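Note sheet for the following structure.
The sequence lines fix the lettering, A, B, ..., with proteins before strands; numbering per chain opens at 1. From a predicted model like this one, the values you see are computed outputs, not experimental measurements.
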Protein chains: 2
Amino acid sequence: MTSKVRSIDVANLAKVSRTTVSQVLNGVADARIGEETRQKVLAAARMLNYTPNEVGRSLVRGSTKTVALVLRDISLIEVDLFLQPLLSGIMKSARQAGYGLRVEGARGSLGGDPYGDLVASGMIDGMIVENPDAGDQSLARLVNTGWPVVQLGSQGLPFENTVQTDNQLAGRVATEHLLQLGRRRVAHVSYSTSEIRAVVERKAGYFDALKNAKIPPEMELVKNGDFESSSGYAAMVELMSAPGGPPDAVFAGSDAIGYGVIAAALDAGLRVPKDVAVIGVDDLRTSAYFRPSLSTVRIHPSLAGSAAMGLLIELMRGREPQSRCIYIASELIARGSTLEGFDNTPRVLSSANS
Amino acid sequence: MTSKVRSIDVANLAKVSRTTVSQVLNGVADARIGEETRQKVLAAARMLNYTPNEVGRSLVRGSTKTVALVLRDISLIEVDLFLQPLLSGIMKSARQAGYGLRVEGARGSLGGDPYGDLVASGMIDGMIVENPDAGDQSLARLVNTGWPVVQLGSQGLPFENTVQTDNQLAGRVATEHLLQLGRRRVAHVSYSTSEIRAVVERKAGYFDALKNAKIPPEMELVKNGDFESSSGYAAMVELMSAPGGPPDAVFAGSDAIGYGVIAAALDAGLRVPKDVAVIGVDDLRTSAYFRPSLSTVRIHPSLAGSAAMGLLIELMRGREPQSRCIYIASELIARGSTLEGFDNTPRVLSSANS
DNA sequence: TCAAGGTGCTAACACGTGTTATCAATTTAT
DNA sequence: ATAAATTGATAACACGTGTTAGCACCTTGA
């Protein structure tokens with residue numbers, strides 16, 4: 001119980017060789033083993049409560065049955081609300097396929113080649129990289145080797161494997177929704193200033209929509225926030241005293257930004273959506289319970305997670321995947337922050353019991 | 001670059017033995033090695049871009065420098081909003097101390113002894129268990145062996161190491177806050193029906209407060225929800241048609257529940273906090289941006305995570321920790337959902353730049 | 001000159017496992 | 001009756017690393 005049980009202990013108890021133990025317990029197909037000794041081994045293993053040491057196993061097999069989720073910046077774990085459903089999707093698929101999960105951070109590694117070192121360490125069989133920095137040389141080198149890597153969000157490399165939503169489309173759809181409501185002064189607040197592709201693409205979609213509607217963009221109506229709602233709040237405060245007057249609608253780059261924008265508008269006495277309509281991107285679980293409930297473009301991060309894991313498994317098995325670039329469809333969820341008189345009542349009321 | 005580099009390759013290039021390579025690269029203190037050969041080895045290692053294989057290393061060393069975060073139920077990852085800040089705290093402390101992190105699930109393991117098997121597999125040096133099921137035999141056995149385990153939330157075992165908040169106190173403080181506002185019909189909606197200790201303790205604190213105020217508890221005002229806001233919404237709908245009339249205050253067992261409760265109240269035309277005051281527990285990042293902003297008891301899950309990791313590190317090093325039971329102080333955060341005329345404006349406005 | 005002690009390095013073992021090549025015993029085919 | 005084939009089990013190797021014991025050489029002291 002307390003001391004470690006090794007396969008040699010099982011072998012000794014069953015009075016067979018360690019080889020036999022290994023073959024029985026792993027169910028080796030072409031192993032010639034008598035039924036009698038097979039039962040002896042199984043009995044001994046059960047009696048000693050034997051569980052194989054995965055480290056030894058990994059060493060000889062050259063594979064750890066473990067995958068890494070590499071986060072661009074672990075200090076963002078707390079604030080990036082997109083991560084939790086993502087992790088959920090990855091975990092579910094990974095477990096189902098018998099893979100374990102490590103959480104790693106890309107930045108802050110000592111060496112200059114964090115991705116290469118992670119692979120060389122032999123701890124993982126594959127990795128999922130969340131929102132890679134565009135132009136990351138370490139990652140680019142690794143992707144070129146063909147080693148199993150799936151990126152959440154493109155880096156623009158020729159041989160990359162990605163799972164992504166069409167962020168430009170999402171940005172356009174969100175903005176078009178505001179325009180269809182008759183709004184003409186539509187502002188945008190992004191969720192990051194850094195070079196994250198999703199940020200840039202959503203913004204591009206915003207400009208696309210304006211262009212299609214033949215509305216000249218005003219740079220005073222475009223602000224950059226960060227991962228926290230507070231930045232959305234601050235941006236909205238600035239927008240309300242914009243040169244041409246306050247906007248009549250805001251496309252928030254994320255739901256978290258949307259929360260801040262709405263809060264600022266309400267605090268200033270504006271009515272949402274009557275005076276200002278607001279839409280976000282994400283559809284966090286909490287968004288339906290804001291009042292007004294937050295309109296948004298749902299991007300299914302949980303689904304993206306399981307799709308990424310599915311693709312990665314194909315790659316690790318050495319198969320050519322059906323597609324190296326999976327798009328997750330997004331959908332417009334119109335709620336009270338854009339639709340006047342929206343009925344907030346949840347459609348399905350899970351019954352609570354006393 | 002593409003093929004694996006082993007320490008023997010470094011040895012060959014530097015024309016020394018593998019032993020020397022190991023000693024140089026690990027900076028063994030009492031190894032007697034000439035400065036000249038030391039430089040040769042370092043140069044060779046750098047030239048080949050050598051990174052030690054952690055699996056081989058782990059095997060011989062008997063330790064993986066990896067810790068597991070064991071989640072009670074991985075299907076709750078998506079809905080339990082407490083997990084993200086917790087993970088953040090754990091990750092930060094773990095990285096700082098040079099430990100990696102695996103995410104595991106307690107349920108759904110094939111064997112009947114998931115915790116024991118995880119240890120026997122040799123993949124981890126210690127584990128943090130989140131909200132263990134009370135009376136889990138597998139975990140109880142492991143804790144008794146003295147193996148490094150830190151629980152987030154007590155299981156009531158004699159030798160357990162825990163990090164927890166005083167949930168009963170939190171429940172009492174929250175309820176007392178409502179009572180001090182003059183409310184007399186105070187309802188409670190818990191965030192789970194299962195036997196999670198935190199749920200039971202917060203509820204006990206609620207009853208404590210009522211008792212101290214000499215208010216007879218009404219069981220019609222006590223509902224059980226789950227991790228999702230929808231259950232809070234449903235519970236509030238029921239409460240509004242309670243026998244003795246709707247409550248004038250609700251103590252929600254979690255912020256997520258609080259969101260649902262407030263939404264239901266507003267949708268029914270009630271004013272918050274004038275007609276119904278609502279307070280939660282957690283202080284999620286989004287809570288300050290609800291309108292009305294959610295009063296709550298902040299329990300610092302991020303801090304709990306890093307404290308748990310700190311304690312675990314002490315245990316793994318074989319030291320006797322200063323305390324085997326760390327309490328994280330909670331604090332009442334009164335906001336607009338309980339205080340009329342509360343100024344919602346965030347105190348620190350992080351400036352957004354265009 | 002010879003023992004004693006220090007310096008620089010390495011052969012050999014250990015960690016726990018999966019797998020291949022091989023051997024002995026038994027059965028089948030000729 | 002003998003060769004050939006099959007069955008049942010294992011010795012030996014491999015995976016990549018850290019560490020101990022020990023060897024050869026050189027310096028020091030008397």
Between [N] ([atom2]) and [X] ([atom1]): distance, integer Å:
| X | N | atom1 | atom2 | result |
| --- | --- | --- | --- | --- |
| B/Glu36 | C/dC9 | CD | P | 8 Å |
| B/Arg38 | C/dG8 | CZ | C1' | 14 Å |
| A/Asp30 | D/dT6 | CG | P | 15 Å |
| B/Lys15 | C/dG8 | NZ | C1' | 19 Å |
| B/Arg57 | D/dC15 | CZ | C1' | 16 Å |
| B/Asn53 | D/dG16 | CG | C1' | 6 Å |
| B/Glu54 | D/dC15 | CD | C1' | 15 Å |
| A/Lys65 | C/dG18 | NZ | C1' | 15 Å |

[X] (side chain) donor-acceptor with [Y] (main chain) under 3.5 angstrom:
| X | Y | result |
| --- | --- | --- |
| B/Gln39 | B/Glu35 | no |
| A/Thr66 | A/Gly100 | no |
| A/Arg61 | A/Ser63 | yes |
| A/Ser93 | A/Ile90 | no |

Within less than 4.0 Å of OP1 or OP2 of [N], is there a side-chain N or O belonging to [X]?
| X | N | value |
| --- | --- | --- |
| A/Ser17 | D/dA9 | no |
| A/Arg61 | C/dG18 | no |
| B/Ser7 | D/dG16 | no |
| B/Thr19 | C/dA12 | no |
| B/Thr20 | C/dT10 | yes |
| B/Tyr50 | D/dT17 | yes |

Identify whether any heavy atom of [X] sits under 4.0 Å from a base atom; if not, whether one sits that close to sugar-phosphate; answer base, sugar-phosphate or nothing.
| X | value |
| --- | --- |
| B/Gly34 | sugar-phosphate |
| B/Leu59 | base |
| B/Val55 | nothing |
| B/Ser58 | nothing |

Checklist entry - Going by atom types only, do B/Ser17 and B/Thr20 share a side-chain donor-acceptor pair under 3.5 Å? => result yes
Checklist entry - Hey, are A/Glu160 and A/Gln155 close enough side-chain-wise for a donor-acceptor pair under 3.5 Å? => result no
Next on the checklist: Side chain of B/Val16 only, heavy atoms from C-beta on: which candidate in D/dA9, D/dG18, C/dT10 is closest?
Outcome noted: C/dT10
Checklist entry - Among the nucleotides C/dG16, C/dG18, C/dT10, which one has an atom lying closest to any side-chain atom of B/Gln23? => result C/dT10
Checklist entry - Donor-acceptor pair under 3.5 Å: do we get one between B/Arg18's side chain and the base of D/dT17? => result yes
Checklist entry - So, does the side chain of A/Arg32 form a donor-acceptor pair with the base of D/dG8 at under 3.5 Å? => result no
Checklist entry - Quick one: on DNA chain C, does A/Val28 or B/Gly56 contact a more 5' nucleotide (nearest heavy atom)? => result B/Gly56
